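Below is one structure, written out as structure tokens; the observations come after it.
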Amino acid sequence: MADSADRAALIDLQRLLLPPALPAIGCTEAAAHYRAHNDALRLGGDWYDLIDRDDNRVVSVVGDVVGHGVRQISVMGQLRAASNALARSLAGPAEMLRVLDTFAADVPGAEYASAAVLMLDGTTTASIASAGHPPLLHVRAHGGHALIEGGRGPLLTIPGRRESATFEYEIDDIFVQYTDGLVDRRDRSVDEILREIAAFVADAAAEPCAAIAAGVIDRFGGDADDDVVVVVLRPRNHRSPDYLLQPQLAPISTFG
């Protein structure tokens with residue numbers, strides 16, 4: 001009974017430190033799904049966030065703190081709050097990670113955390129930077145997929161270059177960000193799992209992002225030995241002063 005109560009308390013703490021909902025963004029459909037590990041002692045520090053900037057850019061952040069337990073959940077909360085603030089004002093993903101490096105160096109337990117920052121500019125250009133995080137999965141609306149390897153650098157607090165990479169996308173393409181719990185398996189390669197996820201997402205492309213995120217978690221995260229975060233984004237139209245943004249499905253953030 002005590003273990004069950006402790007786990008419930010840790011899950012409640014995670015809920016408080018993660019976004020209660022994602023912002024409604026007229027040009028981008030979005031959903032997040034967090035599945036906590038089933039062991040009370042292995043709840044970790046995965047986090048995600050979605051920011052709708054005043055300059056019409058959309059920023060999605062996913063990260064993972066090393067280890068499990070109350071301390072890691074607390075560190076996650078600090079990194080998530082810092083990344084949210086930085087995402088609202090800095091010019092690009094690399095600039096954001098450089099400042100987050102400095103912040104993390106002053107937070108005990110934040111060493112070697114990973115993070116990935118994706119920025120959509122409201123047209124069809126995206127930029128990305130990663131601190132030791134798995135690559136973004138880009139599933140194209142007209143067929144095919146790519147792993148976006150550009151912009152990758154060392155884990156937070158480790159010295160190294162921080163650079164953003166840019167790439168092009170089309171309306172209705174789907175982006176999948178995730179933490180390593182989704183793809184780390186002892187008996188299978190990461191590339192093999194990501195190919196299967198890409199095929200699953202392509203087959204489910206007619207579904208809302210919330211259904212796609214839940215489906216990815218259910219099919220590929222059920223045997224995970226860690227917490228898992230999946231964030232699914234789909235640009236629905238261009239952003240411009242002359243374009244009347246059409247309302248999209250309400251973003252959904254699911255925990256459990």
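Keep in mind it's a predicted model, so treat the numbers as computed, not measured.
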Do you know which two heavy atoms are closest between Q177 and A116, and how far apart they sit? NE2-O, 3.8 Å
Starting from the C-alpha separation in whole Å, work towards a yes-or-no answer on side-chain contact (heavy atoms from CB on, under 4.5 Å) for L136 and L118. CA-CA 9 Å; L136 173 75; L118 172 66; 4.0 Å; yes
To the nearest 0.5 Å, what is the distance between CE (M119) and OG1 (T166)? 12.5 Å
Atom of A82, atom of L100 and distance for their closest heavy-atom approach: CB-CD1, 3.9 Å
Is the backbone of I193 close enough, under 3.5 Å, to the side chain of E196 for a donor and an acceptor to pair up by distance? no
Do D121 and T123 have side-chain N/O donor and acceptor atoms under 3.5 Å apart? yes
Say whether E170 and T124, considering side chains only, have a donor N or O and an acceptor N or O under 3.5 Å apart. no
Given T179 and D227, is the side-chain contact (heavy atoms from CB on, under 4.5 Å) satisfied, shown in steps? CA-CA 8 Å; T179 52; D227 290 8; 5.9 Å; no
Could you give me the CA-CA distance, side-chain angles and deciding distance for R236 and D172, then say whether salt bridge (charged side-chain N to carboxylate O under 4.0 Å, His left out) is met? CA-CA 6 Å; R236 285 299 202 180; D172 290 331; 2.9 Å; yes
Contact summary for A30 and L50, nearest pair of heavy atoms: CB-CD2, 3.6 Å
All pairs passing ring pair (Phe, Tyr, Trp, His ring centres under 6.0 Å) where residues 124-143 contributes a residue, at least two apart: H138-F167, H138-F175
Can you find a pair of side-chain heavy atoms, one from V139 and one from D173, that are under 4.5 Å apart? no
Please check this pair: side chain of R188 against backbone of V183, looking for a donor-acceptor N/O pair closer than 3.5 Å. no
Should D187 and R185 be marked as a salt bridge (charged side-chain N to carboxylate O under 4.0 Å, His left out) after you check the CA-CA gap, both sets of side-chain angles, and the distance that decides it? CA-CA 6 Å; D187 58 344; R185 298 294 184 275; over 6 Å; no
Using atom types as modelled and distance alone, determine if a side-chain donor or acceptor of T157 lies under 3.5 Å from a backbone N or O of A104. no
Taking R88 for the side chain and S83 for the main chain, is one N or O donor matched with an acceptor at less than 3.5 Å? no
Please check if the side chain of Y178 supplies one atom and the backbone of P135 the other of a donor-acceptor pair under 3.5 Å. yes
To check you understand the geometry: which heavy-atom pair defines the closest contact between P19 and R80, and what is its length? CG-NH2, 3.6 Å
Which atom names give the shortest non-hydrogen contact between G151 and A165, and what distance separates them? N-CB, 3.4 Å
dist L22:CG -> Y48:OH (nearest 0.5 Å) comes out at 6.5 Å
List the steps and the verdict of side-chain contact (heavy atoms from CB on, under 4.5 Å) for I197 and L182. CA-CA 10 Å; I197 294 173; L182 183 68; 3.7 Å; yes
Side-chain donor-acceptor pair present, D46, Y34, cut-off under 3.5 Å: no
Among all residues two or more places apart in sequence or in another chain, which pass the side-chain contact (heavy atoms from CB on, under 4.5 Å) test with L155? Y112, S114, I158
Could you measure the distance from the OG atom of S60 to the CG atom of L233? Nearest 0.5 Å is fine. 4.5 Å
Atom pair CD1/CG of I128 and L120 - distance to nearest 0.5 Å: 9.5 Å
Under the salt bridge (charged side-chain N to carboxylate O under 4.0 Å, His left out) criterion, do E149 and R152 qualify, and how do the steps go? CA-CA 6 Å; E149 302 277 3; R152 300 185 74 185; 2.6 Å; yes
Scan the side chains in residues 198-220 for donor-acceptor partners under 3.5 Å anywhere in the protein, sequence neighbours excluded, and list what turns up.
unit_1, atom_1, unit_2, atom_2, d
D218, OD1, R35, NH2, 2.6

Check whether R98 reaches the backbone of R162 with its side chain - one donor and one acceptor, N or O, closer than 3.5 Å. yes
Of all the heavy-atom pairs spanning L137 and L194, show the shortest one and how long it is. CD2-O, 4.4 Å
Check the hydrophobic clustering (I, L, V, M, F, W, Y; side-chain heavy atoms under 4.5 Å; chains of links allowed) and say if V66 and I73 are grouped together. no
For V65, run the side chain to side chain contact (heavy atoms under 4.5 Å, CB included) check against Q78, E111, Q72 and tell me which one passes. Q72
What distance do D64 atom CG and L156 atom CG have between them, rounded to the nearest 0.5 Å? 11.0 Å
Kindly compute the distance separating OG (S127) from CD1 (I148), expressed to the nearest 0.5 Å. 12.0 Å
